[in-house]
Undergrad: 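Sharing a structure with you now.
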Amino acid sequence: MIEDHLDIFIYRFLSVFARMRYSFTTLLNVEAIVKKVAVLSLLLLAMLALAIAPVVAQDNTLVIESWRNDDLTIWEDVIIPAFNAQYPDIPVVFSPSPPADYNGLLNSRLEAGTAGDLITCRPFDASLTLFQSGYLASLNDLSGMENFSDVAKSAWITDDSSDVFCVPMASVIHGFMYNADAFAALGLSEPTTEAEFYAVLDAIQADGTYAPLVLGTSDQWESATVGYQNIGPNYWGGEAGRLGLIDGTATYNEAGFLAAFEALAKWQPYLIDGYQALSYPDAQSAFTLGLGAIYPTGSWEISGFRANADFELGAFKPPTPEGADTCYISDHTDIALGMNANVPEAKRANAETFLQWMTTPEFAALYSNALPGFFTLSNHEITLDDPLAQEFLDWRGECESTIRSSYQILSRGEPNNETDLWLYNAQMLNGELTAQEAADAVQMGLATWYEPQMGS
Amino acid sequence: MTTPKKAFPTHIIVFLAPAVIIYTIFMIYPLVDSLRLSLYAPTPDNPRVEAFVGLANYQKLLTDPLWAPRLQGAIRNNFVFFIVHMLVQNPIGLLLATLLTSKVVRFRTIFRTLIFTPTILSFVLVGFIWQIILNPLWGIAGDILGLVGLDAEPWLGLESAALPVMSLISVWQFIGIPMMLFSAALLNLPDEIIEAARVDGATAWGVFWRVKFPLILPTVGIVGVLTFVGNFNAFDLVYTIAGGLAGPNFSTDLLGTFFYRTFFGFQLQAGNPTMGATIAGVMFLIILAGVVIYLFGWQRRIARVEY
C-alpha cells in the first residue's frame, strides 16, 4: 500500500511542477520558479552530500537504498542502533530517495555502479527486472530465509521459484475498520459471515445516522484494492485461486472470482451519498469525521485514523461466505531488502550479516512496532503495542494469507490486469455494469495477451 | 568595369540565428524526433532495442480493438471539450468584452481584473478548488442549489456529466483570455466610425452586429484557433481532477491524458514510449489540420480594414 499512497496522492500534488511546465498557457512565470527550486534543491543536495561524505567514505560502511524517506528517523534512531548493539563493527547508513524518483534513480545508480550495498525492493516486476539484469544478488543460501513462507517470498522470487533475491520486510493486511461508538450506539457487533455483514449494513441504513459503507469510486483504485481484493480471497480460496489464474485453470468470470464481483456489487446501495465523485482522501475524511460506520481498508490506515478520528476504532476481517470453514485474508507483500550483486568483496560478508539479522524475531518486532500497520512477513511470533494493529496481525493465525490476484505476472501485458480491475470494479460500483459484465470484461482483457488464459 | 560583387548578407543570418537556433533545438528537433520515434517499436527479444516498423504503430492505434476505442473516445471527448469552449467561453467572452468596453458600465477595470484572475491560477489550484466546491458531501454547490430547491449530484463521478462539468470549469478559468483579446480589438476601433453609424441612426444592436463585429472578425478567428490549439493540447485540468485514468470510465479522457498514460505508464502498467509518440503524432496531425483550415479557409479570406 505504500505504493498506492505515495504514487497516487503525493504524486498527484507533488507533480505540480511537472504539470506546470506542461502548460504553455499558464501566465505565471513558473519556469523561473521551477528553476529556482531546482537550483536550491541541488545546492541542498550538494551540502547534504558534503555532510554525509565523511560517513560514506569509511570503507566498510553499508549503505541502504530506499524510497521510504518517511522512515528515516525510525532507521536512524531505532533499527540501526539495535543492529549496532549486536554488531558494533558494521557501520550502516540509511540513504533514502524520494518515492516517485526511486526506481529511476536506483536504476541509474546501479548502471553507473554507484548504488548502495543493500537495496530496498519494490514488489514483483520492478525488482525481478533488477535481478534478471544482474543487479540483485540471489539470496537462496542466506540462512534465515526459512523463516518466510512462500506467500511472503512470492513478490521477490523468479517466476519458476528458483531464485529468491530479497528478504521480505513487511506487508499490509486488508480488512474493515469501523466506528465502534456507532456500533455501540446501534447495538451492533462485528460481523463474521456475509449474511451478518449485510444484516449490520441494513441496520445502519435503517437507522440513518451513519452512511453504512464509506468508499468513493472516483480514484478507481479503491474499488479494486480495498473492495475486490479485500473480500475476494474468501470467494476464490486464497492462494489456490490466485495461482489458478496464473496457470490458466481459473478465470475471472467463473466460480470464486465471479462470486467476488457479485459480492462487491451488493455494496452499491450501502455506499455513502455521492460516492461516485468521492476520492480516497475524501472517504478518509468522511470516515474520520464520523459520517460513516464502516470503512473497507487495510492496515496502512491505522496510524492515520488513530491521529484523526475522535471515536473508538474497531476492525473486523473480511466476512466469509455461506458455508465456508476457512477464512482468507489479503496479506499483501509490499517491501523487502536485497543485496547489490556488485557489492565490494570486503563488504559482502557484512551485508549478508545485516540481511540475516533482518530475518530474526528482534528485527521483526522492532520494525512492526515502529510502523503500526506494516507487518513483518516472517513466521516469528511477535506482539505489537497497538491493539488494532495486533488485531490485524492476529488474523494471520486465524486465516490463510494470500496476495492481490493481479500483482504477480498478470500485470505485465496490455491491457494491464490491475488497471482493468480498477476500471471495471469502479464502473460496477457506479452501477454502469453488472457483476457478470465486469467479470467478463476483466477476463477478456487478460485473455487477449496472457497465454495460459487465451481462448478461455 | 564590373560592378563589385554584392557582399554576402551576413546580417540576415545574424538576425535570424537566435530565433532559428532556439526554435530548432527546443521545438523542431523534439517534434521531428517524436515523429521518428512513432515509427519504431521495441523488439520482442530485447525491449530496450527499438526497430523501425513503418506505420505499424499508427495502424495499431487506429484498428486494434484495445487502442482504437480509446483513441476514438479521446478524440470525441476532445471535440466535446472544444465545442463547449467555442459555444460558451468565446460568446460569453465577447459579451463581457463588449460590456467592459462600453463607457456606461462602471468599475470596468475591477471587473476585468476579477474575471481575468483565474487565468493566472495554476490548474492544480483550480482543479482542487472546484473539486471541493462540487464535493457531494461538503461542497458549497449543494448548499447553493438547495436555496433554489435543487439537489447537487456527484457530477464529477457521473459518466454523463463529468466531461461537460470539467469543460465548464476550464471555461471558468480561461474566459479572461477571449475577453481580453476581444476588448483589445474593440478598443482599437476608431470612434469616428461608430459615431458615424450612430449619426446615421443605427441602434446599439445594429452598431454591434453591422459595424463592430465585422471589424473584429480577424480577432474572432485568432480566438477560435487559440481555443482549438489549447483544447487539443489540454491535459492538466483532467489529470488534476480525474487522474491518469481520466475516469469515470474514460469519460473525461482527452488526447493529452491518453498520451500521458501511454507514454509514462500508469500504476503497474509500464510506459510505452513508441505508442505514446504515435498518439503525439496523431495530436500533431489534428492540430496541424485545424491550423491549416484556419489559415487557408479563414485568415486569407476575410477582409481587413485599415483605419
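All figures in this text were calculated on a predicted structure; none of them were measured in a lab. Residue numbers start from 1 in every chain, and the chains themselves are labelled A, B, ... in the order their sequence lines are given, proteins ahead of strands. As a basis for the values below, the full set of heavy atoms in this structure was taken, side chains included, without hydrogen atoms, waters or symmetry mates.
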Undergrad: Rounded to the nearest 0.5 Å, how far apart are OG of A:S279 and CG of B:N135?
TA: 7.5 Å
Undergrad: Taking side-chain contact (heavy atoms from CB on, under 4.5 Å) as the definition, give me every residue that meets it alongside B:M86, ordered by chain and number, with sequence neighbours left out.
TA: B:F82, B:N90, B:T227
Undergrad: Counting only non-hydrogen atoms closer than 4.5 Å, does B:L245 touch chain A with its backbone (N, CA, C, O), its side chain (CB onward), both, or neither?
TA: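 Contact with chain A is through both the backbone and side chain of B:L245.
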Undergrad: Which atoms of B:N249 are under 4.5 Å from chain A, going by heavy atoms: the side chain, the backbone, both sets, or neither?
TA: both
Undergrad: With a 4.5 Å heavy-atom cut-off, do B:L66 and A:P415 have their side chains touching?
TA: yes
Undergrad: Give, for atom CD of A:Q427 and atom CD of B:E159, the distance between the pair rounded to the nearest 0.5 Å.
TA: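 Result: 5.5 Å between the selected atoms.
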Undergrad: Please report the interatomic distance CZ(B:R261) to OG1(A:T419), rounded to the nearest 0.5 Å.
TA: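 It is 9.0 Å, given to the nearest 0.5 Å.
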Undergrad: Show the nearest heavy-atom pair for residues A:Q276 and B:P154, with the distance to one decimal.
TA: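 Smallest interatomic distance, heavy atoms only, reads OE1-CG, 3.2 Å.
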Undergrad: For B:M180, is the CE atom crowded, meaning more than 12 foreign heavy atoms sit under 6.0 Å from it?
TA: yes
Undergrad: Determine the option with the most heavy-atom pairs under 4.5 angstrom with chain B, choosing from A:L291, A:D273, A:D282, A:N430.
TA: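 Among the listed options, the one with the most contacts to chain B is A:D282.
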Undergrad: Please classify the contact between A:A286 and chain B as side chain, backbone, both or neither, with a heavy-atom cut-off of under 4.5 Å.
TA: both
Undergrad: Checking heavy atoms, do the side chain of A:L433, its backbone, both or neither come under 4.5 Å from chain B?
TA: neither
Undergrad: Chain B heavy atoms under 4.5 Å from A:E432: which part of the residue, side chain, backbone, both or neither?
TA: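 Side chain only.
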